[in-house]
Amino acid sequence: MMTFLLSFCRSFQILWKNRLNQGPGLRNQTFSVLYSYFHFSRKERRYFSLTLPFLQNTKSINLLISKTISSRKNGKNRHRQESFVSPHPLFSAGTAKKKSEMLGYKKDQQHCFPFSRPVLLPTKPLNSEEWEKVKENYEQKDIFENWMMAQMIKYNCSIDIAKSLLSWKARKNNGIVDYKLLIGYLTLCVSQRQTTEVIDVYEIVKNRYKTLELEGYTLLIEGLIHSDRWREALILLEDIKKVILPSKKNYGNCIKGALLNQEMNLAWNLYLEMLNQRIIPTWETFQDFFDFAKGVKNSQFERRLLDILLYLRHNQMYPTEPFAQSIKAWFESIPEKKWKGESVTIHKSGQCSACGRMLESIHLNSEEYEFLKQRVLKDVLDGGDQYRKTTPEEINRFENFIKSCPPFDIVIDGLNVTKMFPKIRESQTLLDVVSQLTKQNLKVLVLGRKHMLNRSWRWQKSEMAAVQNMAYCFFADNVSEDDAFLLYATLNSGNHCRFLTRDLLRDHKACLPDDKTRHLFFRWQQGHQLVFLNYYPGKKVIFQSVLTYDTVVQTTGDSWHIPYDEKMVERYSYEVPTKWLCLQQQN
Ligand SMILES: [Zn+2]
């Protein structure tokens, strides 16, 4: 195992000396505070308070507290009363909330309050003696410091407290603080956007190590972009590239740094670099572009933002609600273009309720259908990969079976569909679905596995026999890939044929070679995939109606329609958003 050691105090001393020559300033003041924790904390920092949400051993803690009090002999005890938190009745209503307020936790972190073990979390910086005492009460001595730092990160402690921990550790260890602890401290500084502290740690790390591991780089990039030394984040990004592909977060932060400093071209180039590496930006990164470009008059950049929207179209991505709001705000901020944005729903027919335009049809014309069919059969089915779980003999058997049947109207993934209702017997679900569809004179194909024909409680022989009577059935080996058979049978039957599965067929989509084919596939999928809406066993199965319009980012030049995900609405993977942003140019 690799261990990193750091001459922590020595580096600080060097830094301190360098800074002294720069004259007084905010940075130096902050630095002197930092410095004092490491060198004078014993004399000057006498605050000690200890909070024990779950006091297991009151005696020892009281002893600890009284020891601490008795050690304050020189009278600097002004804060003593406030610093001590007396034990609370633990299980009374509102206690956890109150406690977390006293500890200064963020409101949204209150729910994380631990109910499993005692936490020895100081509320003020401690001196070395005090830290020793806290450690005495902790069982696993060898992980104490890192555990403590992890708690501080979890509860977003003040960095002064974390600094006092490092100071104690450095004193004890000849000025050496290990890498992990330092990175913990950096995590805290970055999350609280303590930019000055980040730069100080950055200097230490830069002097001490030639390279870091990814977490260190990621934290430094995130911290540096808010400082005037943000360009150095780009150097760190280059350092990462020497070893590994940077993450979307690394790129996203560098882009944010460039945008914060109005370096639009740099931001754009980083974005293109990401796409070339096939890294999909986060929603936050997309949103940053629109937020920072708001009110900026730059027609080149305008075109680039429209390119982002087209990228979403080609990849069937739906903006989050906050991002949709940013898009709207940006459009409306373009001078002289008079864009007006509205949040709307689309009528079943595909007509926008705000501007009255018809959305793109989901229906594939015969040319598009043939194109897709050939592509899918070639790239997905004959690609080799999709059949890796089946045998050439079985492929042969399946193809011969399909040739012997008329085109189907509905293809059902039997195993997948029956799994949706775990409380209901599988064969009953399947029979209900099949009998309802065949009553409408539809030709149904059920794809299943051989084990479904074995007698069991879940697969009743009589019900399976009834299914086989009403529908065409193909039972594959128990290890076969269902999706490939499903796609083959459906596409081979023609443009009218639909299919029933809860699967999103993502793997297949990913196999497709280009944006155009992927979009066609997605349109075909939305227009042909049946989805259960409701099911009353023995009575009725209700399917969601298949959409007539294409749910995808679209434009006519003087209008944009952008489907987006609402904040509080959870969407299943096979569903599409129902909310749209309608943008139109006012003439
Ligand atoms: Zn509209």
Side-chain angles (χ1 to χ4, degrees), residues 281 283 286-291 293-297 299 301-365 368 515-516 518-529 531 533 544-587:
W283 288 117
F286 286 127
Q287 194 177 344
D288 283 344
F289 276 107
F290 283 82
D291 285 344
K294 208 165 73 179
V296 176
K297 200 175 178 178
S299 55
F301 209 68
E302 234 170 79
R303 280 196 302 278
R304 287 170 172 176
L305 295 195
L306 299 183
D307 276 351
I308 289 181
L309 296 180
L310 293 176
Y311 174 84
L312 302 182
R313 171 185 172 86
H314 292 140
N315 292 282
Q316 290 89 48
M317 290 166 72
Y318 304 123
T320 56
E321 189 167 348
F323 178 34
Q325 282 160 356
S326 292
I327 295 172
K328 176 180 182 292
W330 174 72
F331 268 99
E332 290 176 342
S333 81
I334 307 173
E336 293 143 32
K337 291 276 178 74
K338 291 186 185 160
W339 282 96
K340 175 100 180 55
E342 249 179 284
S343 172
V344 297
T345 50
I346 304 295
H347 192 264
K348 258 188 179 174
S349 65
Q351 190 172 38
C352 171
S353 58
C355 68
R357 284 184 181 83
M358 292 299 287
L359 293 194
E360 289 177 31
S361 165
I362 204 163
H363 191 75
L364 269 57
N365 64 36
E368 288 170 328
D515 287 346
K516 185 190 170 190
R518 273 193 292 273
H519 186 198
L520 283 177
F521 184 88
F522 193 61
R523 267 173 68 198
W524 173 76
Q525 185 185 358
Q526 284 182 75
H528 292 79
Q529 183 163 10
V531 172
L533 199 63
Q544 201 169 49
S545 55
V546 174
L547 290 168
T548 56
Y549 56 91
D550 191 6
T551 305
V552 70
V553 174
Q554 46 196 277
T555 181
T556 58
D558 61 349
S559 79
W560 281 87
H561 286 90
I562 302 168
Y564 65 89
D565 276 321
E566 286 174 280
K567 255 183 199 163
M568 303 309 286
V569 178
E570 201 184 331
R571 178 167 58 83
Y572 289 108
S573 55
Y574 50 79
E575 294 172 327
V576 289
T578 54
K579 275 279 177 190
W580 290 70
L581 173 64
C582 162
L583 288 153
Q584 24 172 343
Q585 240 171 336
Q586 313 282 298
N587 292 314

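Whatever order the structure lists ligands and atoms in, that order sets their numbers, starting from 1.
- The aromatic rings of Trp560 and Phe331 lie tilted to each other, with the angle between the two planes from 30° to 60°.
- The minimum heavy-atom distance between Val344 and Ser353, with the atom names listed, is CB-OG, 3.8 Å.
- Side-chain contact check for Ser343 and Tyr564: at least one donor-acceptor pair (N or O, by modelled atom type) lies under 3.5 Å.
- Other residues, nucleotides and ligands contribute more than 12 heavy atoms inside 6.0 Å of the NE2 atom of His314.
- The set of protein atoms (N, O or S) found at less than 2.8 Å from the Zn ion (ligand 1) reads Cys352 SG, Cys355 SG, His561 NE2, Cys582 SG, by chain and number.
- No side-chain N or O of His363 forms a donor-acceptor pair with one of Ser361 less than 3.5 Å apart.
- No salt bridge links Lys579 with Glu321; every basic N to acidic carboxylate O contact stays at or beyond 4.0 Å.
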